[in-house]
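Taking it in order: structure first as C-alpha cells, then the write-up.
What you are looking at is a predicted structure, and each value in this text was computed from that prediction instead of being measured. Chain A is the first sequence line, chain B the second, and so forth, proteins listed ahead of strands; every chain is numbered from 1.
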2 protein chains.
Amino acid sequence: MSAPHEKKDTPANFEEVDQIDLKIMEVLQKDARITNQALADRVALSPSACLRRVRDLETRGLISAYRAQIQVDKMRSVTIVMAHITFSQHTIKNLHDFDACIETLPEIVESYRVSGNVDYILRVVVPDMHAWKRIMTVLVNGGFGVEKIVSHFLMDQIKTFKGYKLIQKPGD
Amino acid sequence: MSAPHEKKDTPANFEEVDQIDLKIMEVLQKDARITNQALADRVALSPSACLRRVRDLETRGLISAYRAQIQVDKMRSVTIVMAHITFSQHTIKNLHDFDACIETLPEIVESYRVSGNVDYILRVVVPDMHAWKRIMTVLVNGGFGVEKIVSHFLMDQIKTFKGYKLIQKPGD
DNA sequence: CCTGAAATCCACTATTG
DNA sequence: CAATAGTGGATTTCAGG
C-alpha cells in the first residue's frame with residue numbers, strides 16, 4: 001500500500017491547507033451549524049468561494065463529520081471507564097479480531113493502540129458498572145489473547161473536547 | 001451546592017427526553033449540518049415542531065455544541081499522548097489550580113479526574129515529543145503537587161468517536 | 001481561485017387546530 | 001404540543017474574469 005522508493009520516511013504526504021482553510025475549520029470546530037454566509041464573512045470570502053472550500057475540505061477528508069455534542073449525563077446516569085488492555089500474545093490476527101469486536105460494541109466509544117506496557121486504551125460509556133463487567137467478560141473471554149484489563153473510573157470531566165489548536169498564534 | 005435532605009443519592013434530577021428527542025439527537029450526532037426539514041422528516045414531525053424541540057434541547061444543555069470533526073493528522077504530523085497524572089498532595093487548591101492551568105493549554109484537549117492510583121488522565125495533541133516534554137515541565141514544576149506523569153503514546157486510533165448510543169434497541 | 005447574480009430552498013414566526 | 005403557510009434570508013449553481 002505504501003509508495004515504493006520513498007526518500008523520506010514521512011509516509012503520508014499531507015493535504016495542503018492555507019490560512020483561510022485553517023480559519024474555516026477553526027470556526028466550524030466551534031460552531032458547525034453556522035450559516036455559510038456568516039462563515040464567509042468570518043473568513044472574508046464570498047459565500048460561493050467559501051462553500052467551495054468547505055466542500056473541498058470535506059471531500060479531502062480534513063473535515064470528516066459534523067456532530068452534535070450530546071451531554072448524556074444530563075439525561076441519565078452513566079459511568080465512564082478508561083480501560084487499559086494488555087495482551088499476552090500480540091499476533092496480528094488477535095489484534096485484528098479484537099478491533100473487529102470493539103467495532104461491534106457501541107458502548108466502546110473510542111479505542112487507541114498505544115506504545116509501552118499497555119496495548120490498548122478504550123473509552124467506554126455504560127449505564128452502570130455491571131454493564132462494564134459484562135463487556136469486560138466479552139473482551140477477556142473472546143479469545144483475543146487479552147492478558148489483563150485495568151479500569152479507571154471517571155469521577156469528573158474537567159476539560160471537554162472543544163477542538164484542536166489549528167492556527168499557530170505568534171508567540172507559541 | 002447539593003440539595004439538602006435528599007432521599008436518594010442520585011443527585012441530579014435528569015432532564016426528561018422522549019423517544020423523538022433521542023432520535024433527533026441521534027441524527028444530529030451523525031450529521032449536525034442536516035437541514036431542519038430533513039431532520040423533521042427523519043423523526044416524522046413537522047419542521048416547526050422539530051425546530052422547537054432542537055432549540056429546547058439546546059437551551060436545556062442536552063445539545064451543548066455542534067462541531068466539525070477535523071482530521072489534523074491528514075495535514076500535519078502530530079503526536080498524541082494519554083498522560084496519567086498522580087498527585088502527592090490532593091489539596092483542593094492544588095487540584096483547582098491544576099484545572100485552571102490545564103484550561104490555558106490548548107494542546108491538552110481533554111482532562112478527566114479518575115478514581116484509583118491515578119488522579120488525572122489527559123489527552124494531549126502536540127506537534128512532537130519535544131512539545132510534550134515542555135508541557136510536562138509546566139505541569140510538574142507548576143507547584144500543583146504533581147508526583148508523577150506516565151505517558152502513553154498513541155500509535156493508532158482504531159475507533160474514533162462517532163457518538164453515544166442513545167436509543168436502546170430491543171435485545172440489549 | 002475568485003465574484004456576483006439568479007433560482008431554488010430553507011428557517012423561522014405567526015396563526016390555527 | 002403539533003401542523004400549515006408566508007416571507008425574509010440562505011444555499012447553491014453558473015457565467016465570467
Name the one of B/Arg113, B/His84, B/His90 that satisfies side chain to side chain donor-acceptor pair (under 3.5 Å) with B/Asp119? B/His90
With the side chain counted from C-beta on, respond yes when B/Ile34 and B/Val27 share a heavy-atom pair under 4.5 Å apart, and no when they do not. yes
Along DNA chain C, first and last positions that approach a heavy atom of chain B under 4.0 Å: C/dC10 to C/dT13
Could you label the plane-to-plane angle of the A/Phe98 and A/Phe144 rings as parallel, tilted or perpendicular, counting under 30° as parallel and over 60° as perpendicular? perpendicular
Whole angstroms only, please: what is the CG-P distance between B/Asp56 and D/dA2? 10 Å
Is it true that A/Lys162 and B/Glu103 make a salt bridge, defined as a side-chain N closer than 4.0 Å to a carboxylate O? yes
Quickly work out the A/Arg55 CZ to D/dT11 C1' distance and round it to whole Å. 9 Å
A/Leu51 CG - D/dT13 P separation (whole Å): 7 Å
Need one value for B/Ser46: base, sugar-phosphate or nothing, where a base atom within 4.0 Å counts as base even if backbone is also close, heavy atoms only. base
Atom CD of A/Gln37 to atom C1' of D/dT13: distance rounded to whole Å? 15 Å
On DNA chain D, nearest-nucleotide positions of A/Pro47 versus B/Asp18: which is more 5'? B/Asp18
Regarding B/Ser48, tell me which of base, sugar-phosphate or nothing describes its non-hydrogen contacts under 4.0 Å with the strands shown. base
Rounded to whole Å, the CG-P distance (B/Asn36 to D/dA10) equals 16 Å
Should B/Asp31 and B/Arg42 count as an ion pair when the cut-off is N to O under 4.0 Å? no
Regarding A/Arg60 and A/Asp56, does a basic nitrogen lie under 4.0 Å from an acidic carboxylate oxygen? yes
Checking all strands, does A/Arg52 fall into the base, sugar-phosphate, or nothing category for heavy-atom contacts under 4.0 angstrom? base
